[in-house]
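For reference, the structure is listed below as structure tokens.
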There are 2 protein chains.
Amino acid sequence: MAIGRSTQSTSQTPEPGAARRPSRARGIPEATVARLPLYLRALTALSERSVPTVSSEELATAAGVNSAKLRKDFSYLGSYGTRGVGYDVEYLVYQISRELGLTQDWPVVIVGIGNLGHALANYGGFASRGFRVAALLDADPTVVGNSAAGLPVRHMDELEAIVESQHVSIGVITTPPGAAQQVCDRLVEAGVTSILNFAPTVLTVPDGVDVRKVDLSIELQILAFHEQRKAGEESGQGDSMLDRAPGPVRAAAAKLRRAAGAKAEPVKGKPAKGTEGDLSAVMPA
Amino acid sequence: MAIGRSTQSTSQTPEPGAARRPSRARGIPEATVARLPLYLRALTALSERSVPTVSSEELATAAGVNSAKLRKDFSYLGSYGTRGVGYDVEYLVYQISRELGLTQDWPVVIVGIGNLGHALANYGGFASRGFRVAALLDADPTVVGNSAAGLPVRHMDELEAIVESQHVSIGVITTPPGAAQQVCDRLVEAGVTSILNFAPTVLTVPDGVDVRKVDLSIELQILAFHEQRKAGEESGQGDSMLDRAPGPVRAAAAKLRRAAGAKAEPVKGKPAKGTEGDLSAVMPA
DNA sequence: TAGATTGTTAATCGATTAACAATC
DNA sequence: TAGATTGTTAATCGATTAACAATC
């Protein structure tokens, strides 16, 4: 591990764990920042319907949060509402946009134009909120030159020149996991200071660089956890007696299993739901 | 809002806001559950390199968290380590897999086979961890019948039959935003109880249904917020004097602006970085 | 003025972290 | 035994929430 580099997993919403990230900027908590885009989206929809004002209760419902939280969040931005009336939709759209930095244009490069990179290049929500695809980049000569979303795919060699000439500060990584760190290093070296990582890789970046990650596999695993819990509750089946045994018994069993050099192998291809994990691979006979 | 339905935004990591979600299952905090997949990924990499044991410090580094947090997380699962030695890699892979429900197979349907649905269907990480694509579905007749990732795209009409016959409990929504709620309703009605939503829509689901969302646009906006802050710090430029003014002054200005019927319009197409938001649209002359 | 709704307070809850006793 | 490392404790920090005074 290089000194002065933080492994900023800097993942989802709060995660104040990420060591050196200044958890609040100008006093706005991370959790609030993460909700501002939700409010903005709901407000934009109201704006399109020409709704002039909205109460915290209505807006909270539209954004999927509770109104106390919303009012608290807005209180960090300032006093933008009117007691007894609510919030001016247009005005709040502007204030939140400004707070999020969306009143300026953010050129973005996407590196790795496989299926996912292609999908992102075509993603409408990209352009709609101040983000502009400055370039699509790939290392594969058979992909370079193709066009995606009306833009040519350019070779990685051009990365530095593009980042510098177009003042790109945000990079999106959609490469295979093996290439992600290397691409990240080049982006950072070229001057990118914010990275959105779709590769299932923990990126190491210098201080001052923000990394957020989007990880399909992790999301599914979290759902599976809750799904399993639901199934267990409803059928009454759950862990084996042994796994529910009190600490000492369990520890002794663990020792046995380790001593046996147990090789764990998740069971695959079994019918779903109501299937117990096959313990035979790790349980002593 | 229908009674008995919760708008479970149930977004990223902690978000204990989500009203009725039982925030811990068998005592495992949500924040810990969300990190288990990270540990599992790091452990799997060690396993592939045939590393027999790992310390909390090493594993924490590989997963991008600190070791105190990792040990605390593992303490919720049980006592699976050996003091003075560390953790048995294979054994821990198995225990975490089991905890996450990955020792069983989870059939998944993907609804909406545009660019993103296509990308997900091809996503390797899908199959690798107990998730199996049971079907790809789309409402568009010109898409139905195409094949993606070796599977035929089937018509939405088949949704209910597929969910029931294959015991699908997890659905992935990659439709346009306008169709998402309707698709969600059908999935839930058919028996799906976990939904991963890629559409930028707040989904309303009955109690007992988990929703997680992945939202590219939100991630980029959060990055933009921090990026703007960095730019402001380094150049000393930031808000206008007025916007930094103390409460009462700001409130008075707000009132003026509202009275003027200000129309906010984010400024687009401007050169990036170092551009101030154009306030002319919302500021009184 | 009376009703409505914000902005803030204070209590509660959950997550993080450092430190260290337990123990391999 | 001595060194290493876990599992747990307790303090701290940040986020959520209900309630209500301020005020439109």
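All values below come from the heavy atoms of this structure, side chains included, with hydrogens, waters and symmetry mates left out. A, B, ... follow the sequence lines: proteins, then strands. Residue 1 opens every chain.
One atom, CG of A/L70, and another, P of C/dT5, lie 14 Å apart when rounded to the nearest Å. Residue A/E30 contributes atom CD, which lies 15 Å from atom C1' of C/dA15 at whole-angstrom precision. B/Q95 places its CD atom 16 Å from the C1' atom of D/dG7, with the value rounded to the nearest Å. One atom, OH of B/Y80, and another, C1' of D/dT8, lie 17 Å apart when rounded to the nearest Å. If you measure from atom CZ of B/R83 to atom P of C/dT23, you get 6 Å, rounded to the nearest angstrom. When rounded to the nearest whole Å, the span between CG of A/D88 and C1' of D/dC24 equals 15 Å. Atom CG of B/N66 is separated from atom C1' of C/dA15 by 12 Å (rounded to the nearest Å). In this structure, the CG atom of A/D73 is 11 Å from the P atom of D/dT17, given to the nearest Å.
Between B/G84 and B/K72, the residue anchored closer to the 5' end of DNA chain D is B/G84, taking for each the nucleotide with the nearest heavy atom. Nearest-nucleotide assignment on DNA chain C puts the 5′-proximal partner with A/R71, out of A/R71 and B/A68. Two residues, A/S75 and A/V85, neighbour DNA chain C, and the one matched to the more 5' nucleotide by heavy-atom proximity is A/V85.
Distances shorter than 4.0 Å separate some side-chain N or O of B/S56 from OP1 or OP2 on D/dT6. Checking the phosphate oxygens (OP1, OP2) of C/dC24, no side-chain nitrogen or oxygen of B/Y87 falls inside 4.0 Å. In terms of phosphate contacts, A/R35 brings a side-chain nitrogen or oxygen within less than 4.0 Å of OP1 or OP2 of D/dT16.
Searching all strands for a Watson-Crick or G-U wobble partner of C/dC24 with both distances below 3.5 Å returns D/dG3. For C/dG14, the paired nucleotide is D/dC13, the pair qualifying as Watson-Crick or G-U wobble because both relevant distances are below 3.5 Å.
A donor and an acceptor atom, one from each side chain of B/Q95 and B/Y91, are located under 3.5 Å apart. Side chains of B/S194 and B/D210: a donor-acceptor N/O pair is absent below 3.5 angstrom, by distance only. When only modelled atom types and interatomic distance are considered, B/E48 and B/T44 share no side-chain donor-acceptor pair under 3.5 Å. In this structure, a donor-acceptor pair under 3.5 Å is absent between the side chains of A/T201 and A/Q181. A side-chain N or O of B/S56 and one of B/R71 form a donor-acceptor pair less than 3.5 Å apart.
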